[in-house]
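In what follows, a single structure is set out as structure tokens and then discussed.
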Amino acid sequence: MSRHVAIVTDSTAYLPPPMMERHGITAVPLTVVLGDQALQEGTEISARSLALALQKRKPVTTSRPSPETFAQTYRAIAETGATAIVSLHLSSEFSGTFDAAVLAAKDAPVPVRVVDTGMVAMALGFCALAAAETAQAGGSLDEAAAAAEKRAGGTSAYFYVDTLDYLRRGGRIGAAQALLGSALAVKPLLQLEGGRIEPLERVRTASRAIARLEEIVVERAGTSAVDIAVHHLAAPERAAALADRLRDRVLGLADLHVSEVGAVIGAHTGPGLLGVVVSAR
């Protein structure tokens with residue numbers, strides 16, 4: 001293999017496997033702990049199995065990859081002939097994945113630039129794609145990392161959840177905010193802001209919340225060229241219908257991806273999640 005800059009991300013990027021293969025992107029899996037079983041995201045537990053476990057109120061937690069897992073990944077990639085690695089990960093506000101990668105990078109056999117994208121799901125995936133495209137075009141380590149950071153700066157993510165309870169349990173949103181949502185019987189809209197999940201709006205019904213989500217995405221997209229990803233957990237019809245409407249309404253739409261989130265994000269949002277990522281090209 002020729003000398004090249006390789007791209008590593010983690011399993012929460014939720015990139016389609018054919019796309020990862022085409023761009024030479026490696027994903028390090030996070031772990032979902034279901035009862036007394038530790039299962040790797042993407043290979044050992046499906047989103048559907050996770051949704052069923054949540055609906056049955058089984059205890060579910062998540063954990064980062066170990067530094068040694070990252071170290072093994074970096075060594076394996078270096079052995080293929082890579083001369084440098086850009087390692088792009090979900091927000092450090094959500095997980096210790098970034099910290100584990102930083103520890104492993106110190107002793108890697110080639111230079112590794114670890115980037116906290118402040119993103120998650122395809123918001124992270126689009127950053128990895130930007131870095132990979134730059135590397136494939138002959139870009140340097142610095143150029144590939146800069147491409148990812150630029151893409152992150154032009155990316156927004158919005159979420160609808162049926163309940164804030166799962167986010168509260170996982171410590172991703174304050175208990176007071178979760179209780180307020182429950183007391184008022186409202187449907188929350190959330191956004192990714194500063195690497196954290198923050199409240200955006202509260203709407204009275206699910207149908208109105210999803211309609212408002214659509215309006216926010218159309219406004220955010222404007223008329224410039226954008227890629228969009230629609231995510232869901234156990235809500236495929238809802239996601240497909242929203243994607244169809246966005247295809248008709250987003251004037252600068254380049255690519256649109258529809259996919260179910262994996263078990264790690266699903267564990268913190270619960271079934272019924274509907275999310276949209278808008279990423280400027």
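Just so we're clear, the structure is a prediction, and the values are computed from it rather than from any experiment. Note: hydrogens, waters and symmetry copies are ignored here, and every other heavy atom, side chains too, is used.
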Contacts of [X] that satisfy side-chain contact (heavy atoms from CB on, under 4.5 Å) - sequence neighbours left out:
X	result
A254	D227, R281
S279	F126, R151, T155
S49	I45, S46

Within a radius of less than 6.0 Å around CZ of R249, do more than 12 heavy atoms belonging to other residues, nucleotides or ligands occur?
-> yes

Would you say E215 has more than 12 foreign heavy atoms packed within less than 6.0 Å of its CD?
-> yes

Please round to the nearest 0.5 Å and tell me the distance separating atom [atom1] of [X] and atom [atom2] of [Y].
X	Y	atom1	atom2	value
M20	L129	CE	CG	9.5 Å
S224	L251	OG	CG	10.0 Å
E149	C127	CD	SG	9.0 Å
T12	H268	OG1	NE2	10.5 Å

Of all pairs that satisfy salt bridge (Lys or Arg N to Asp or Glu O under 4.0 Å), the ones with a partner from residues 61-88, not counting sequence neighbours = E68-R75

Name all pairs fulfilling the salt bridge (Lys or Arg N to Asp or Glu O under 4.0 Å) condition that reach into residues 108-128, sequence neighbours left out, sorted by first residue then second.
-> R113-D142

Just so I know, are the side chains of [X] and [Y] near enough to count as touching, which here means a heavy-atom distance under 4.5 Å?
X	Y	answer
R204	K187	no
P18	E21	no
L253	L246	no
T31	T62	no
D255	I228	no
V28	S11	no
L200	I216	yes
P67	F70	no

Hey, mind stepping through I7 and T26 against side chain to side chain contact (heavy atoms under 4.5 Å, CB included) and telling me if it holds?
-> CA-CA 6 Å; I7 308 302; T26 301; over 6 Å; no

[X] (side chain) donor-acceptor with [Y] (main chain) under 3.5 angstrom:
X	Y	value
Y14	I265	yes
R245	E214	no
E41	A263	yes
S95	S92	no
K58	L34	no
D10	L30	no
Q191	F159	no
T134	A130	yes
T117	L88	no

Will you find, in the side chains of H4 and T83, an N or O donor that is under 3.5 Å from an N or O acceptor?
-> no

Does [X] share a hydrophobic cluster with [Y], counting links as ILVMFWY side-chain heavy atoms below 4.5 Å and allowing steps through other members?
X	Y	result
I210	L256	yes
F98	L15	no
Y74	V115	no
V8	V264	no
L124	L190	yes

Can you name the closest pair of heavy atoms from [X] and [Y] and give their distance?
X	Y	value
L273	V161	CD1-CG1, 4.0 Å
G272	A235	CA-CB, 4.4 Å
A157	V277	CB-CG2, 4.1 Å
A82	V110	O-CG1, 3.5 Å
V250	A221	CG1-CB, 3.7 Å
T9	A128	CB-CB, 4.3 Å

Less than 4.0 Å between a side-chain N and a carboxylate O, is that true for D244 and R247?
-> yes

Would you call R212 and E219 a salt bridge, taking side-chain N to carboxylate O under 4.0 Å as the test?
-> yes

Test S87 against V114 for side chain to side chain contact (heavy atoms under 4.5 Å, CB included), laying out the working first.
-> CA-CA 5 Å; S87 198; V114 184; 4.2 Å; yes

With sequence neighbours left out, which residue pairs that include part of residues 207-243 fulfil the ring-ring contact (aromatic ring centres under 6.0 Å, His included) condition?
-> none

Given V60 and V33, is the side chain to side chain contact (heavy atoms under 4.5 Å, CB included) satisfied, shown in steps?
-> CA-CA 6 Å; V60 179; V33 181; over 6 Å; no

